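I have placed the structure first, in the form of structure tokens, so that the comments after it can refer back to it.
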Amino acid sequence: MSVVVRFAPSPTGVLHIGSVRTALFNWLFARHHGGKFLLRIEDTDRLRSTAENARSILEILNWLELDWDGEPVVQSSRIERHKEVANELVRSGKAFYCTCSPEELAVKKEAAIKAGKSHKYDGKCREQVVRPFENAVIRLRAETCGVTILDDLVQERVSTENAQLDDLVLLRSDETPTYMLSVVVDDHDMGVTHVLRGDDHLTNTFRQIQIYKACGWDIPQFGHIPLIYGPDGAKLSKRHGAASAQDYMQLGYLPEAIFNYLLRLGWSHGDSEIISRSEAVEWFDITGVGKSPARFDMAKLQNLNAHYMKMKDDQAIFECMSPFLETEESITDSQKNDILRGMKSLKGRSRTLVDLAESAKIYISAPKVFDDACSKYATNEHLSLLQDFVNIVEAADNLQESSMLEATKILASERSVKLVEIAQAVRGALCGKLASPSVFEIIEIIGKSETIARVRSFIKKYSTI
RNA sequence: GUCUCCUUCGUCUAGGGGUCUAGGACACCGCCCUUUCACGGCGGCAACACGGGUUCAAAUCCCGUAGGAGAUGCCA
């Protein structure tokens, strides 16, 4: 089977995460079948389309490594072709000029709604095939009887009475093509064999099939993918915290996690949850996509993200994390080296790159603020323990994690306290909070003088209170 | 309003007439591990929207009802 699919975003805003999933499914379908994945920028809405939006769409596709074949097609460059097709349809009697004004139609529509009737176009200009002097649109002469059947790859057999369809506008009065026309013409000219898109287009498809038929073109296969909703069941939007791919990028998610999460949203392969790119390409099948809409679950995304962070090697995860480090100056090689040494523990307890960057700060500088909970480990007793601890560190000729742990255990037993009392106090002093990797690992990495400095500063801070 | 579609644990889903006292994952709860928080291990809670059919047998097929979504633009 020869396969040509396309992803056709409009650069009128940021890329919605649902569109990213549509792109992903198209890419997987193409790669699975050894076909082509084309890209088309639908910028015919000149007012709202921007080059910046187009650029950021490409950036997201690159980020997710959804590589496309050939150069992207820019829809606005094809307007002459769209006009040509519309005019040809008039010549062949499949379309006609309509001079009804938008105002006139609005009045009719309102009256029809009031009367509780269907408010489709009434066909007033149907016999007008000669071009009137001005302000005419071109409408398709739609079928008025029979049934249009769509054997959708996802939704299966869907049909509608042609009487429901109306004479849609193909070319506007300013001679620009409508979406309905341009999408059909472009898909045909690009040789698209399978149209995989959001199911908000499902009912549009019946109209588009009519255009294909009027043109005498082969009709591609369609697959309508359910939309993604927010946790409350309404369409996912900014209101839910994050809706665009850029949002998730900024929240510190790895492309691998987004890829895996989006793939499993509405599609499955038995009990597989962690699915690699190559497995996805091998297993993906459009007919396996579910028909019902899915809700976006941030917790599951976080879980996957944590998994992929753990899997990634330390150097690579450091590169991913560094944009999230909010440091005034760029970090030194020695700081970078410390973070790398502690990375295994750091990444194992982070869910996002933002978390990771936050926790990595312990290797950049002494804590600037201390969580309130730290004061629980800053009693006179604790400060005294910390002083003893400083003495041990000073005297130690070996700061290895295991030996410091042993030395501290001895101190605990000498002072008749539990190890946790000392460890937590030290943690507070070193990190400013009570959750971190092993304090003894941190000590080994930051070294003797930094450890002593941080603990002394902690003692000083809390003794004066 | 009209048309089209959707409906299995809180969420994502497996399931395609008997193997379902409905499986997995996330979340949640408990236990273990443990210097904290996590990780990890073990265990637990939790669903076939409702009502009718068809059938020896229905989560699976059919019809209604309810709820939800989309379309109904000279937007895409």
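Quick caveat, the model's predicted, so the values are computed rather than measured.
- Proximity of residues 298-305 of chain A to RNA chain B (heavy atom under 4.0 angstrom from any strand atom) is restricted to A299(A), K300(A), N303(A).
- C45(B) shows a glycosidic angle more than 90° from 0 and is accordingly assigned anti.
- Going from the P atom of C31(B) to that of C37(B) covers 13 Å, rounded to whole Å.
- C45(B) is unpaired under the criterion used here, namely a Watson-Crick or G-U wobble arrangement in which both key atom distances are under 3.5 Å.
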Check the interface with nucleotides 16-21 of chain B: list each N/O to N/O pair with the protein under 3.5 Å, or write none.
none

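- Under the Watson-Crick or G-U wobble criterion, with both distances below 3.5 Å, C74(B) is left unpaired in every strand shown.
- One N or O on the side chain of N305(A) and one on the backbone of R351(A) form a donor-acceptor pair closer than 3.5 Å.
- U21(B): no Watson-Crick or G-U partner with both key distances under 3.5 Å is found in any strand.
- Comparing the same atom, P, in U72(B) and in C62(B) gives a spacing of 29 Å after rounding to whole Å.
- Heavy-atom nearest nucleotides on RNA chain B were determined for E441(A) and for S159(A), and the one closer to the 5' end corresponds to S159(A).
- Remark: C1' of G68(B) and CG of L227(A) are 13 Å apart, rounded to the nearest angstrom.
- In this model, a side-chain donor or acceptor of S438(A) finds a partner on the base of U35(B) within 3.5 Å.
- Listed by first then second residue, pairs satisfying side chain to side chain donor-acceptor pair (under 3.5 Å) with a partner in residues 410-431 of chain A read H382(A)-E421(A), S384(A)-R415(A), D388(A)-R415(A), Q424(A)-R427(A), R427(A)-S436(A), not counting sequence neighbours.
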### Message
Would I275(A) and L263(A) count as a side-chain contact (heavy atoms from CB on, under 4.5 Å) here? Give the steps.
### Response
CA-CA 9 Å; I275(A) 303 169; L263(A) 175 63; 3.9 Å; yes
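- In this structure the side chain of M309(A) never reaches within 4.5 angstrom of the side chain of M321(A), judged on heavy atoms.
- Nucleotide G40(B) forms a pair with C32(B), judged by Watson-Crick or G-U wobble geometry with both contacts under 3.5 Å.
- Looking at every heavy atom in both residues, R6(A) comes nearest to V183(A) through NH2-CG2, 3.6 Å.
- Across all strands shown, the partner of A66(B) is U7(B), judged by Watson-Crick or G-U wobble contacts whose two distances both fall under 3.5 Å.
- U60(B) makes up no base pair with any nucleotide shown, lacking Watson-Crick or G-U wobble contacts both under 3.5 Å.
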### Query
For every nucleotide of nucleotides 38-45 of chain B, 5' to 3': is a protein heavy atom under 4.0 Å from its base (B), only from its sugar-phosphate (S), or from neither (-)?
BSS-----
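- Toward the 5′ end of RNA chain B lies the nearest nucleotide of D271(A), the other residue of the pair P437(A) and D271(A) mapping further downstream.
- For the pair D166(A) and R139(A), the salt-bridge criterion is not met [side-chain N within less than 4.0 Å of a carboxylate O].
- OP1 and OP2 of C3(B) both lie 4.0 Å or more from every side-chain N or O belonging to T160(A).
- Heavy-atom contacts from other residues, nucleotides or ligands closer than 6.0 Å to NZ of K448(A) number more than 12.
- Heavy atoms of other residues, nucleotides or ligands lying less than 6.0 angstrom from CG of D372(A) number 12 at most.
- Straight-line distance between the C1' atoms of U60(B) and A49(B): roughly 16 Å, to the nearest whole Å.
- Set against C6(B), U36(B), C12(B), the side chain of Q424(A) has U36(B) as its closest nucleotide.
- Aromatic ring centroids of F259(A) and Y308(A) lie 6.0 Å or more apart.
- Using a 4.0 Å cut-off between charged side-chain N and carboxylate O, K291(A) and D199(A) make no salt bridge.
- Annotation: proximity of residues 399-419 of chain A to RNA chain B (heavy atom, distance under 4.0 Å) is found for L419(A), numbered in ascending order.
- Look at K213(A) and E143(A) and you find no salt bridge, because none of the NZ, NE, NH1 or NH2 atoms lies under 4.0 Å from a carboxylate O.
- For the pair L168(A) and I211(A), the minimum side-chain heavy-atom distance is below 4.5 Å.
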### Message
Using a 4.0 Å heavy-atom cut-off to protein, can you give one letter per nucleotide of nucleotides 71-76 of chain B, 5' to 3': B if the base is in contact, S if only the sugar-phosphate is, - if neither?
### Response
SBSBSB
